[in-house]
Amino acid sequence: MKVLHIDINHPLIIEQFAELGFTNDEDYTSSKEQIEAKIADYDGLIIRSRFTIDKQFLDKAKNLKFIGRLGAGLENIDTKYAKSLGIFLAAAPEGNRNAVGEHALGMLLSLFNKLNTADKEVRNGKWDREGNRGIELEGKVVGVIGYGNMGKAFAKKLKGFDVEEVICYDTKGGVEDENARQVGIMEFQSRVDVISLHVPQTELTIGLIDAEYLDKCKKPIWIINTARGKCIKTKDLVDALKSGKVLGAGLDVLEYEKASFENMFTDDNLPEAFQYLIASDQVMLSPHVAGWTVESKIKLAQTVVDKIKVKFESYNEVQS
């Protein structure tokens, strides 16, 4: 098989594909149009998020048998059309779920203990102990929206913190486990102190957390988002921060990110809502790196290799 790699990943993916008898070509700089012009020559494609794999692209990929994406989701691929063409899709949520779980917990603990603010103040010669008095996770109800690989990893990390309960909400039934109890939306919104988002970006989840959703939460809440930026309406979040409905937010992802996740803005004009987030001591920000660890880079590559190997060995398509 001939495989085209269009995003730089851990070298083990190329090394192990070579061991399977695959031919690996690398092209990390050509435009989407240039890649389209030659994609018919390839059986496999390995990507992260450099551009969207749409119907037009897939129509030109006459011999494509698989697409491997080194990330948790497949939202940059027209999955329905790809599957109709018989193309195998391999994402790798197993590869960075632990990293995401740790990052979400780290953001939550940092917010609760005002570590970001305290660090800046001490560096500037300010010693304010009372102003930096924190709160504890013990006794809180933590709510997880989306209880798949990422949500389960986060819930597992909460063991040992003596939270009152971890509850989860998911459109798919029967996902609860020993770390979280699945509930309906009404119980979820009436009980949570903390909401952590772990959903893919879909038509149902874009704008999920908006003013209406927040108004239905009975308590003031804390929000952590390590999923996708467009799942939260930033303006509504800012209004809730101002009113006290939201006590704090840890945002690894932002509504304003480019689809490639490599940059945030298309111009130099910062949205007003984002300017508020930057200035607020109630907010912690990171640049879409929750799943971006030294270890997850290896795990993501290995997960994709393993899925493709199993799939094509079973069809006797691996060439030696």
(message) Just to verify, what does K120 make a side-chain hydrogen bond (donor to acceptor under 3.5 Å, both in side chains) with, not counting sequence neighbours?
(response) none
(request) Check whether any side-chain heavy atom of L247 sits under 4.5 Å from a side-chain heavy atom of L111, and report yes or no. (result) no
(request) Mark yes when over 12 heavy atoms from residues, nucleotides or ligands other than E26 sit less than 6.0 Å from its CD; otherwise mark no. (result) yes
(message) Ring of Y276, cation from K242 - is the NZ or CZ under 6.0 Å from the centre and inside 45° of the axis?
(response) yes
(request) For D236 and A211, indicate whether the former's side chain and the latter's backbone hold a donor-acceptor pair under 3.5 Å. (result) yes
(request) Kindly give the heavy-atom pair with the smallest separation between F154 and A104, and that separation in Å. (result) CD1-CB, 3.6 Å
(request) For side chain to side chain contact (heavy atoms under 4.5 Å, CB included), just list the numbers for I53 and L45, CA-CA rounded to whole Å, side-chain angles, deciding distance to a tenth of an Å, and then say yes or no. (result) CA-CA 10 Å; I53 306 300; L45 178 68; 3.9 Å; yes
(request) Following the transitive rule for hydrophobic clusters with a side-chain heavy-atom cut-off under 4.5 Å over Ile, Leu, Val, Met, Phe, Trp and Tyr, establish whether V183 and V142 coincide in one cluster. (result) no
(request) Give a yes or no on whether I39 and L58 share a hydrophobic cluster (residues Ile, Leu, Val, Met, Phe, Trp, Tyr; joining criterion: side-chain heavy atoms under 4.5 Å apart). (result) yes
(message) I need the L158 CG to L105 CG distance, nearest 0.5 Å.
(response) 6.0 Å
(message) Can you tell me if K235 has over 12 outside heavy atoms packed within less than 6.0 Å of its NZ?
(response) no
(message) With rounding to the nearest 0.5 angstrom, report the NE2 to CD1 distance, H103 to I224.
(response) 9.0 Å
(message) Strictly distance-based, threshold 3.5 Å: is any side-chain N or O of S31 a donor or acceptor partner for the main-chain N or O of Q34?
(response) yes
(message) Before you tell me yes or no, could you show the steps for S196 and L108 under side chain to side chain contact (heavy atoms under 4.5 Å, CB included), namely the whole-Å CA-CA distance, both residues' side-chain angles and the distance that decides it to 0.1 Å?
(response) CA-CA 9 Å; S196 188; L108 183 57; over 6 Å; no
(message) Less than 3.5 Å apart, any donor N or O on the side chain of N98 or K157 sitting next to an acceptor on the other?
(response) yes
(request) Scan for salt bridge (Lys or Arg N to Asp or Glu O under 4.0 Å) pairs involving residues 183-211, sequence neighbours excluded, and state none if there are none. (result) E164-R191, E165-R191, R181-E187, E187-R191, D193-K219
(request) State, with a plain yes or no, whether a side-chain heavy atom of Q201 is found less than 4.5 Å away from one of I206. (result) yes
(request) Would you indicate whether the side-chain heavy atoms of I46 and D7 approach each other to under 4.5 Å? (result) no
(request) Return the set of residues passing side chain to side chain contact (heavy atoms under 4.5 Å, CB included) with D215 (not counting sequence neighbours), or none when no residue passes. (result) none
(request) Could you tell me whether the side chain of I232 reaches within less than 4.5 Å of the side chain of L251, counting heavy atoms only? (result) yes
(message) Once rounded to the nearest 0.5 Å, what's the spacing between atom CD1 of I221 and atom CD of Q189?
(response) 9.0 Å
(request) Find out whether T293 and E295 are in side-chain contact, i.e. whether some heavy atom of one side chain is under 4.5 Å from a heavy atom of the other. (result) yes
(request) Could you tell me the separation between the CG atom of D281 and the CG atom of N116, rounded to the nearest 0.5 Å? (result) 8.5 Å
(message) Checking the side chain of Q182 only, and the main-chain atoms of G174 only, is there a donor and an acceptor separated by less than 3.5 Å?
(response) yes
(message) Less than 3.5 Å apart, any donor N or O on the side chain of R69 or S49 sitting next to an acceptor on the other?
(response) yes
(request) Return the set of residues passing side-chain hydrogen bond (donor to acceptor under 3.5 Å, both in side chains) with K55 (not counting sequence neighbours), or none when no residue passes. (result) D59
(request) Ignoring hydrogens and angles, tell me if any N or O in the side chain of D170 forms a donor-acceptor pair with the backbone of K172 under 3.5 Å. (result) yes
(request) Heavy atoms only: give me the nearest G73-R228 pair and the separation to one decimal. (result) N-NH2, 4.2 Å
(request) Determine whether F161 and I135 fall in the same hydrophobic cluster, where Ile, Leu, Val, Met, Phe, Trp and Tyr are linked whenever their side-chain heavy atoms lie under 4.5 Å apart. (result) yes
(message) Please give me the minimum heavy-atom distance between L237 and L214, naming the atom from each residue.
(response) CA-CD1, 4.5 Å
(request) Quick one: closest heavy-atom pair of K159 and N179, and the distance? (result) CE-OD1, 2.9 Å
(request) Just say parallel, tilted or perpendicular for the rings of F274 and Y256, cut-offs at 30° and 60°. (result) perpendicular
(request) Inspect the surroundings of NZ in K245 and state if more than 12 heavy atoms from other residues, nucleotides or ligands are less than 6.0 Å away. (result) yes
(request) Calculate, to the nearest 0.5 Å, the distance between atoms CE and NE2 belonging to M150 and H198 respectively. (result) 9.5 Å
(request) Check S286 against V289 and note the closest heavy-atom contact, atom names and distance. (result) CB-CG2, 4.1 Å
(request) Verify, without hydrogens or angle tests, whether T52 (side chain) and D54 (backbone) share a donor-acceptor contact under 3.5 angstrom. (result) no
(message) Can a donor-acceptor pair be found, under 3.5 Å and without considering hydrogens, that links the side chain of K114 to the backbone of G131?
(response) yes
(message) What I'd like to find out is whether the side chain of E36 reaches to under 4.5 Å of the side chain of Q56, using heavy atoms alone.
(response) yes
(message) Would a single hydrophobic cluster contain both V175 and I185, if residues Ile, Leu, Val, Met, Phe, Trp and Tyr are joined by side-chain heavy-atom contacts under 4.5 Å?
(response) no
Under 3.5 Å, which donor-acceptor pairs do the side chains of residues 83-94 form with other protein atoms, sequence neighbours left out?
{"residue": "S84", "atom": "OG", "partner": "Y81", "partner atom": "O", "Å": "2.6"}
{"residue": "E94", "atom": "OE1", "partner": "K307", "partner atom": "NZ", "Å": "3.1"}
{"residue": "E94", "atom": "OE2", "partner": "K307", "partner atom": "NZ", "Å": "3.2"}

(message) Using side-chain heavy atoms (C-beta onward) and a distance below 4.5 Å, is L4 in contact with D27?
(response) yes
(message) Do F312 and D43 have side chains that approach each other closer than 4.5 Å (heavy atoms only, starting at C-beta)?
(response) no
(message) Using only atom types and a distance under 3.5 Å, with no angle test, would you say the side chain of S296 pairs donor to acceptor with the backbone of G291?
(response) yes
(message) Tell me the closest heavy-atom pair linking G244 and P220, and the distance in Å.
(response) O-CB, 3.7 Å
(message) Can a side-chain donor-acceptor contact be found between Y147 and D177 if the only test is distance below 3.5 angstrom?
(response) yes
(request) Indicate if L204 and Y213 have the same hydrophobic cluster label, given that clusters are the connected sets of ILVMFWY residues with side-chain heavy-atom separations under 4.5 angstrom. (result) no
(message) I'd like to know if K38 pairs up with D25 as an ion pair, taking the criterion as any Lys NZ or Arg NE/NH1/NH2 lying under 4.0 Å from an Asp or Glu carboxylate oxygen.
(response) no
(message) Distance check, rounded to the nearest 0.5 Å: W222 atom CH2 versus I195 atom CD1?
(response) 13.5 Å
(request) Could you pull out all residues at least two apart from H5 that satisfy side-chain hydrogen bond (donor to acceptor under 3.5 Å, both in side chains)? (result) N24
